[in-house]
Amino acid sequence: MRFPGLRLRTPVLVRWRHLGVALALVCLAPVARAQGLSPVAEGGDEEKPVAGERRPAPQAEPDSLSQLLASGAEVRPGGGELLYVRDENGKALVSRLHCAIGDQCLVLLPDGKLNLVPRVDTRPSNKPFQAADAQTMMARLRTGKFSSFKTAASEHYLYVYSCSEQFYQSTRDILESLYPGVIARLEQWDLQPTAPSVPLVVMIFPNRQEFDALKPMPPEVAAYYSGLSNHIVLYEDPLLSDRAPEFALKEASYTIAHEGVHQILHNVGIQQRLSGWPAWLGEGLPEYFCPINVSSVVVNEQGAALPQRNLKWTRAGLVNDLRMAALLKMSSKSGDAIQRIVNAPQLDADGYALAWGLTHYLAEKAKKPFGAYLQEISRMGPLERQEGEDSLFTKHFGSDFAALETAVQRHLTSGEIQKSYRDPMIYQTHYVVVHTTKRGRTATVSVAITLSPGRAREWKEQEEKEQATSDPGTIHAFRTQVCKTRIEAEQIVKKIGR
């Protein structure tokens, strides 16, 4: 999914001297640009980014599978049958039948991939299926086009990446903190997740060009989970970095967590690979889990106190502030919105917000029927699609959509939920960075307001470099104050300027 770029406002300097202390106020607020933004009014505040339409990637299916499904071939779920198939080198290996489609077999390979082979090219196996371990999978992935990629393994994940260490670490922090939390909540719903049979592969490309070279994706798709390869695939988005405003950072990090939930559900026995859950649940459940906690701390770096962000999943049920912001702009009391979203074959931007709101209500206020609904729908087989009205939904939650819609609205606008909600545009962390230089008895103070820890570091490096050349005897000190809003940051700057 595409996210807006950054630019710096031209610094505005206001200088005066008082008792030998020079004070310069510098505004270094990075702002996001996106299609559809209105221009900045003369003398107004910085541009405000809007929540982009975050859509899932289309299912990555080979042409042969798509054509086979389009032909109307009968689909029969596999019953655990073990079959010998040939790998790309002609070597026989044991696979597990995922489903039969006409005279073709969709088989699960030891590395977790699904592959379509003619039935005549298989034969029954009396040997057990043995999933590949992390070392074997890493050795295979390090060949060919990925030979220059780095690899790293954890308890559940295998990372294959050619991006910066910072981006890799941010992605890893999100997924590693997400996994145990999702499993714990599934168990609270009386589901029985099982351990993945193979490591969950996360593939990170260094840029959009190489990302699309693997499989071209629509411009708005920046990450996806492939039900066939069983990989999460993404590329290094500069907005998941210290240089990004917090709003853009949230969009990018939520996207990674969203795809991570898809991968977990498809590997722990909750959602069968390639099964067609109703769109509201298939996307609403990842949206329920995806909010990431973005926290800021001040760290000492070579005598300078500078801001640093931490990304971590904390718990299920956090308010998805990006979706809540969209929901608060909608109005419906007839029940049509809920009924429409429950039966929708696919979702638009508003649909994602409604799917999150409905899922959050059911997960928090109707836990037993929601768990029972998940248990039934988890039995949907591979390539099974739900046509028309979701009868399981009405079985567990009733058909009074007007009453359900009222209950969802009451839940989302309750004091408890609204107390946790923070408008993602207003409540962006701002950093007031104070730079003090001292030369003899004269001190100079410069103040910067920024949305970006990276910008603060760039400013520090620039200031030190310039003064090291022009005035090498100057002593520098940097300190940072973390603020919840721009208004709070500006108030602090005014106090400093008095």
Side-chain angles (χ1 to χ4, degrees), residues 59-65 68-69 73-147 149 151-160 179 183 191-203 225-233 262-275 378-384:
Q59 178 61 53
E61 297 175 345
D63 292 340
S64 55
L65 179 56
L68 190 60
L69 294 173
E74 180 184 3
V75 177
R76 179 179 65 82
E81 301 95 323
L82 300 180
L83 303 172
Y84 278 115
V85 297
R86 299 281 181 183
D87 65 13
E88 62 270 21
N89 299 316
K91 181 181 177 181
L93 51 81
V94 179
S95 68
R96 180 182 293 142
L97 181 65
H98 193 57
C99 65
I101 312 170
D103 60 357
Q104 303 286 310
C105 293
L106 190 64
V107 297
L108 176 68
L109 300 178
D111 62 1
K113 293 181 180 179
L114 293 175
N115 195 32
L116 190 65
V117 296
R119 166 71 75 172
V120 295
D121 292 341
T122 71
R123 62 186 177 86
S125 169
N126 57 5
K127 291 186 177 181
F129 176 83
Q130 187 170 357
D133 58 24
Q135 285 188 333
T136 302
M137 292 177 65
M138 280 195 290
R140 289 175 60 86
L141 287 167
R142 276 197 293 255
T143 61
K145 67 177 69 176
F146 306 113
S147 59
F149 281 47
T151 56
S154 65
E155 182 180 359
H156 300 293
Y157 290 95
L158 173 58
Y159 301 90
V160 183
Y179 183 93
I183 297 301
L191 300 171
Q192 296 180 340
T194 58
S197 60
V198 295
L200 307 180
V201 175
V202 181
M203 190 169 290
Y225 165 70
S226 167
L228 287 176
S229 71
N230 202 31
H231 298 171
I232 291 177
V233 183
H262 278 307
Q263 188 182 47
I264 293 169
L265 293 175
H266 283 83
N267 280 270
V268 298
I270 302 303
Q271 184 173 10
Q272 296 293 313
R273 295 265 291 277
L274 304 185
S275 67
S378 67
R379 293 195 283 270
M380 286 184 68
L383 301 175
E384 184 177 346

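For this chain, numbers begin at 1 and follow the sequence in order. Quantities reported herein were computed from a predicted structural model and do not represent experimental measurements.
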Would you say that [X] contacts [Y] through its side chain, given a criterion of any heavy-atom pair below 4.5 Å between the two side chains?
X      : Y      : value
Leu82  : Asn126 : no
Pro77  : Pro382 : yes
Met137 : Pro199 : yes

Apply the side chain to side chain contact (heavy atoms under 4.5 Å, CB included) test between Val201 and each candidate in Val233, Thr151, Leu141, Asn230; give the one that qualifies.
Leu141
Residue that, paired with Ile270, satisfies side chain to side chain contact (heavy atoms under 4.5 Å, CB included) out of Leu191, Ile264, Ile183
Leu191
Can you give me every donor-acceptor pair (side chain of residues 90-116, partner residue at least two apart or in another chain, under 3.5 Å) with its distance?
unit_1, atom_1, unit_2, atom_2, d
Ser95, OG, Leu83, O, 3.0
His98, NE2, Arg273, O, 3.0
Asp111, OD1, Lys113, N, 3.1

Would you please classify the geometry between the Tyr179 ring and the Tyr157 ring as parallel, tilted or perpendicular, with 30° and 60° separating the classes?
perpendicular
Note: Ala134 and Ala153 closest approach over all heavy atoms is CB-CB, 4.4 Å
Distance-minimising heavy-atom pair for Tyr84 and Pro124
CD1-O, 3.5 Å
Aromatic ring proximity, centroids under 6.0 angstrom, His266 and Tyr225
yes
Would you sort out whether Glu81 and Arg119 count as a salt bridge (Lys or Arg N to Asp or Glu O under 4.0 Å), showing the intermediate values?
CA-CA 13 Å; Glu81 301 95 323; Arg119 166 71 75 172; 6.0 Å; no
If I take atom NE2 from residue His156 and atom CG from residue Asn267, how far apart are they, to the nearest 0.5 angstrom?
11.5 Å
If I take atom CD from residue Gln135 and atom CG from residue Leu158, how far apart are they, to the nearest 0.5 angstrom?
11.0 Å
Only counting residues at least two apart or in another chain, list the ones meeting ring-ring contact (aromatic ring centres under 6.0 Å, His included) with Phe149.
Phe146, Phe205
With salt bridge (Lys or Arg N to Asp or Glu O under 4.0 Å) as the rule and sequence neighbours excluded, what pairs involving residues 120-141 come up?
Glu88-Arg140
